[in-house]
Each structure stands twice: as C-alpha cells, then as structure tokens.
Amino acid sequence: MNIQQNMSIMEKLAILTDAAKYDVACTSSGVDRKGDGKHMGNCLAAGVCHSFAADGRCVSLLKILFTNECIFNCAYCQNNCNSDVPRASFTPDEVCELTMEFYRRNYIEGLFLSSGILISPNYTMDLIYQTLYKLRNEHHFNGYIHVKAIPGADPALIEKAGFLADRMSINLELPTSDGLKKLAPYKSRNTILKPMRQIQNGIAENKNELMVYRKAPKFVPAGQSTQMIIGATPESDYQIMRVSEALYQNFNLKRVFYSAFINVNQDSNLPVLPGGPPLLREHRLYQADWLLRYYDFTVDELLSEDRPDFNIYLDPKCDWALRHLECFPVEINRASYHTLLRVPGIGYKSAERIVKARRTATLDFADLKKIGVVLKRALYFITCSGRMMYNTKLEENYICANLMADRTQIPRDIRESGYKQLSLFDSGMLDCTPVPQSQLIAGELAAVQ
C-alpha cells in the first residue's frame, strides 16, 4: 500500500478535511435504517451535513478525502498533480477509526468520503471499497455513508461499493464536454457518464429484486447525485439548467449540486473573478433546481436562448410570475394544486395544506398566514373569495419594485458577509460568452447506455 506513514492521523485529518471542503455534500440521506441492537449507529432520512432532523436535531457527517494525492492536472482543482499543497493519504483502518471515534463522541452521524486519484482509478476505488467493507462488517457501522465513485474504475468495484454505501455520486465536474477538455484534459465525459449509468441501472435492478427477494442487500438505497462547478467556463444559466434537467430525466439523479468556482490556482485558462466566487448565481441555480424537482417547472419556462440568465434581483419563481401576469391573480379557494405551485410565496407543502384545508372551510388571508404562505410575496398574485389582501395593482413595475424591497430575495450571508469556507477546526457574476447550443451535453446524457 503506497500510503505515507510519517504523519499522525490528526495531521492527516487536518489536511484532508480542508481538502474536502470543495466537495458539496449538504444533502439529506434519504434513508431510514434503525439500530438493530447488534450494529453501531443508525441512519435517519432526515439528514446529514448540517441538516435538521424531524425532531429538531442538527445532524452532520465527517467529510474527508481519502487522499489529496492525484495523478490528474485539472486546472480548477487545488489538489491537482502540479499544485504545491501538503499531501496526505489515509489508510482504510484510519478512516474507520476516525468515523467510529467521532460517532461515539456524538460529533457525527455519518461519513462523506471522496478522494483524489492515487496511482490509478482502480487502486483508489479498491481502497475506498476496503474502507466501506471494514466499516460495515468489522466495525458494524450502521450509519449513513455517502461515497464518491471514481470514474474509470472497474465496474465490479463500483458495484461492490454500492452495496455498502447509502448514496454514491460522480462529479460531472463542468457543464459541457468542451469545458472539460479545456480544464481537465485527462478526464472524459464518457468516463464520467458510464459509471453514472451503471449506478442508475443497479438501483433499478435492485428494486426489482427486492420486490421478489425481500432480504436482498440494498444497492445505493439513497440514490445518486452529482456536482458541477459554476463560473469556471462560459456556459449560461440556461445551458447549465438544461444539463441538469437532462440528468434528472435520463439518470434519475436525486440531486445536482452547483459549486461556485473559486480560483485557487494561478492558471491562464481560468477566468478572473474580481467580485469573488459567483455565490448569488449559485443560489439562483439552486432555487431554479428546486422548481424543477418540486414545482413542476421546466427549464424552457424559466429561461430561453434569448433570455439565458437568471435575474439577480429576484428569485426565479417571482421573475417567472412577473413575466406571466396573465396567469394571475389566482383564487385560493378554487385553484388547482399545480396552479398554486406557481404562486410566489406558496411552497409545495403550503399548497398541499391549502388543498386539504379548503375541503372543510373557505380560506382567508389569516388562514393562509397560519398555513405558512409568505404573504409579502403572494399578496400580489392571489385572491381569497374574489378579494385581494390590499388594493394593489397587477402591474409589472409596481410589483417588481415591491418585491425587490424584500431583502430576503438575496440571502443574508451573501448580502452582508464575504465568502468563507468552513472546516472541521473552525470555532463554532461572471462576464460570459455563451457556448453554442450544439456543444451542450444533453444529447450525450441521453445516448450513454
């Protein structure tokens, strides 16, 4: 095993938790697995990585790289083979020791394990598999595990890891294959998409087996996700969201994560960001992604080739509503669930409550406030029993001015503070030239078998 032995485990931990901070993992586990009295820990669907459980607890996971050694030279990555950074690698036993000891101290409820490429994809994936095997079978760890699969690794290794992990993810890295060729020439779109398809097929096949053999082991029960770096290459928001839409439709992903580009390397191929990482753009992409997954929107409703980027002053739902005032106002006591989802200030849970509550009563604005509707946004777009909340005008400039006065349209952490990466040891828009549509990878996503 080609892993250095001249560092203490805490020295390695300091390096490899810091090296993992650019891998996005803020996601709920999606899996319920109760303690069985024999194994260590349990897994709650309510979440990991600073998510809140149903009982109000904030739960988190140990997020580390197995190694920050890497044989590739990706221009955007601080761990590429040419970067002058401290290097470290864990052994499988060290990862197991950290996970179990942190769990026993109630620091974590799960593990997020990613890695650079040490020697080869197969060598690295085998080390990750050994780690998962030891955690599950020798240490009897029953908690949540999210692991990054290594593109280019033997499919058999990915399959074996999939029966031990709760969630797997493979980073798409960049939205288009042209961007990947420019900034990560040793990686290919096909190498990334093939294991993604393998995991998708494995999940589907395993579900069919579970219907017949109820005691069959579960394969990646919490599904798979991916991550894209935003702002390192010149794609528009429209192009990025079309890629995400294709991923959801063709690979049944649970989540697509968007990571604002942070220039950690001095490379001439990387853009200069005088305003810092495009955090507000990242935020708008997440809001739009939520609309795709929960609110029945399509990308072509939100953006177009003529209007390729999101409004930085308004969230995508409010922006859509202002451009479609002919659909409003909506009568709360008669509108369908799908129509309610289109109203700014009404979330999918609030829409469900409205549909349920109006079966037994006629709702007014006081009822909507109790249900959880954000009236300071919704009041311009709804009526209750034919009346609006105030004497307002259904006029674009008037509504826009009032919505922009709502400071929550831009998150407080972006509005009031600079960018800060968190680590385990903490206390306590780019000017782009659009990429031609022919270069988008949506066709590639659909074609990979």
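Keep in mind that the numbers below use all heavy atoms, side chains included, and drop hydrogens, waters and symmetry copies. Note that this is a predicted model, so its numbers are computed, not measured.
Listed for the K317 side chain is a donor-acceptor partner under 3.5 Å among the backbone atoms of V343. Checking side-chain atoms of N250 against main-chain N and O of A246 turns up a donor-acceptor pair under 3.5 Å. The main-chain N or O of W320 is found under 3.5 Å from a side-chain atom of H324 such that the two form a donor-acceptor pair. In terms of modelled atom types and a separation under 3.5 Å, the side chain of T124 and the main chain of S120 share a donor-acceptor contact. Looking only at distances, no side-chain donor or acceptor of Y238 sits under 3.5 Å from a matching main-chain atom of V299. The backbone N or O of I346 lies less than 3.5 Å from no partner atom in the side chain of S350, so there is not a single donor-acceptor pair. Using a distance-only test at 3.5 Å, with no hydrogens or angles considered, a donor-acceptor pair links the side chain of N80 to the main chain of C77. Between the side chain of T191 and the main chain of K187, no donor-acceptor pair closer than 3.5 Å is present. Listed for the D267 side chain is no donor-acceptor partner under 3.5 Å among the backbone atoms of A75. At least one donor-acceptor pair closer than 3.5 Å links the side chain of T131 to the backbone N or O of L127.
The side-chain heavy atoms of L118 and T67, taken from C-beta on, include a pair separated by under 4.5 Å. Here the side chains of L379 and Y390 are in contact, with some heavy-atom distance below 4.5 Å. Looking only at side-chain heavy atoms (C-beta outward), R197 and F251 come within less than 4.5 Å of each other. Under the 4.5 Å side-chain criterion, counting only non-hydrogen atoms from C-beta, F257 is in contact with S225. Annotation: side chain of K148 is in contact with side chain of F112 (closest heavy-atom distance under 4.5 Å). Contact annotation: the side chain of I192 never approaches that of N171 to less than 4.5 Å [non-hydrogen atoms, C-beta and beyond]. In this structure, Q200 and Q224 have side chains that are in contact, with non-hydrogen atoms separated by less than 4.5 Å. Within the 4.5 Å cutoff, side-chain heavy atoms of R342 are placed close to those of E301.
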Exercise. Report the C-alpha distance between M125 and D154 in whole Å, list the side-chain angles of each, state the deciding distance to 0.1 Å, and finish with yes or no for side chain to side chain contact (heavy atoms under 4.5 Å, CB included).
Key: CA-CA 8 Å; M125 194 69 220; D154 189 332; over 6 Å; no

Quiz item: Taking it one step at a time, do R189 and L180 satisfy side chain to side chain contact (heavy atoms under 4.5 Å, CB included)?
Solution: CA-CA 8 Å; R189 185 67 74 206; L180 198 64; 4.2 Å; yes

Exercise. For E69 and S115, run side chain to side chain contact (heavy atoms under 4.5 Å, CB included): C-alpha distance rounded to whole Å, both residues' side-chain angles, the deciding distance at 0.1 Å, then the answer.
Key: CA-CA 8 Å; E69 297 275 1; S115 184; over 6 Å; no

Exercise. Test I145 against L61 for side chain to side chain contact (heavy atoms under 4.5 Å, CB included), laying out the working first.
Key: CA-CA 9 Å; I145 297 177; L61 75 166; over 6 Å; no

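Using the six-membered ring where Trp is involved, Y186 and F72 have ring planes that are parallel, under 30° apart on the 30 and 60° scheme. Ring planes of Y129 and Y133: tilted class, angle from 30 to 60°.
Pairing each heavy atom of F219 with each of G202, the nearest pair is CD2-C, 3.4 Å. Here the shortest heavy-atom pairing between L341 and A351 reads CD2-CB, 4.0 Å. Counting all heavy atoms, side chain and backbone alike, I170 lies closest to T226 at O-OG1, 2.5 Å. Of all the heavy atoms in E235 and I240, the pair that sits closest is CB-CG1, 4.0 Å. Closest approach of P217 to N206, counting heavy atoms only: O-ND2, 2.8 Å. Closest approach of L16 to N68, counting heavy atoms only: CD2-N, 3.4 Å.
Salt bridge annotation for R307-D319: present, with a cationic side-chain nitrogen under 4.0 angstrom from a carboxylate oxygen. Taking a cutoff of 4.0 Å between a charged side-chain nitrogen and a carboxylate oxygen, D237 and R281 qualify as a salt bridge. Ion pairing of R136 with D166 is present here, as a side-chain N (NZ or NE/NH1/NH2) and a carboxylate O approach within less than 4.0 Å.
Residues Q130 and D126 bring a donor and an acceptor atom of their side chains to less than 3.5 Å of each other. Side-chain atoms of Q409 and D315 include a donor-acceptor pair closer than 3.5 Å.
A distance of 10.0 Å separates SG in C318 from CD1 in I399, rounded to the nearest 0.5 Å. To the nearest 0.5 Å, atoms SG (C96) and CG (L135) are separated by 3.5 Å. We find the CD-OH distance between E109 and Y144 to be 12.5 Å, quoted to the nearest 0.5 Å. To the nearest 0.5 Å, atom SG of residue C74 and atom CG of residue N79 are 10.0 Å apart. From L280, atom CG reaches atom CG of L285 across 10.0 Å, with rounding to the nearest 0.5 Å. Going from atom OG of S259 over to atom CD of Q227 covers 4.5 Å, rounded to the nearest 0.5 Å.
Annotation: side chain to side chain contact (heavy atoms under 4.5 Å, CB included) contacts of Y107 (sequence neighbours excluded): F102, R105. The salt bridge (Lys or Arg N to Asp or Glu O under 4.0 Å) check on D289 picks up R293, with sequence neighbours excluded.
If you look at Y286 and Y258, their ring centroids are closer than 6.0 Å.
Residue Y313 qualifies as open at atom OH: its count of foreign heavy atoms under 6.0 Å is 12 or below. Residue R323 places its CZ atom among more than 12 non-hydrogen atoms of other residues, nucleotides or ligands, all under 6.0 Å distant.
Checking D300, L302, L292, T298 one by one against M241, the side-chain contact (heavy atoms from CB on, under 4.5 Å) holds for a single residue, L292.
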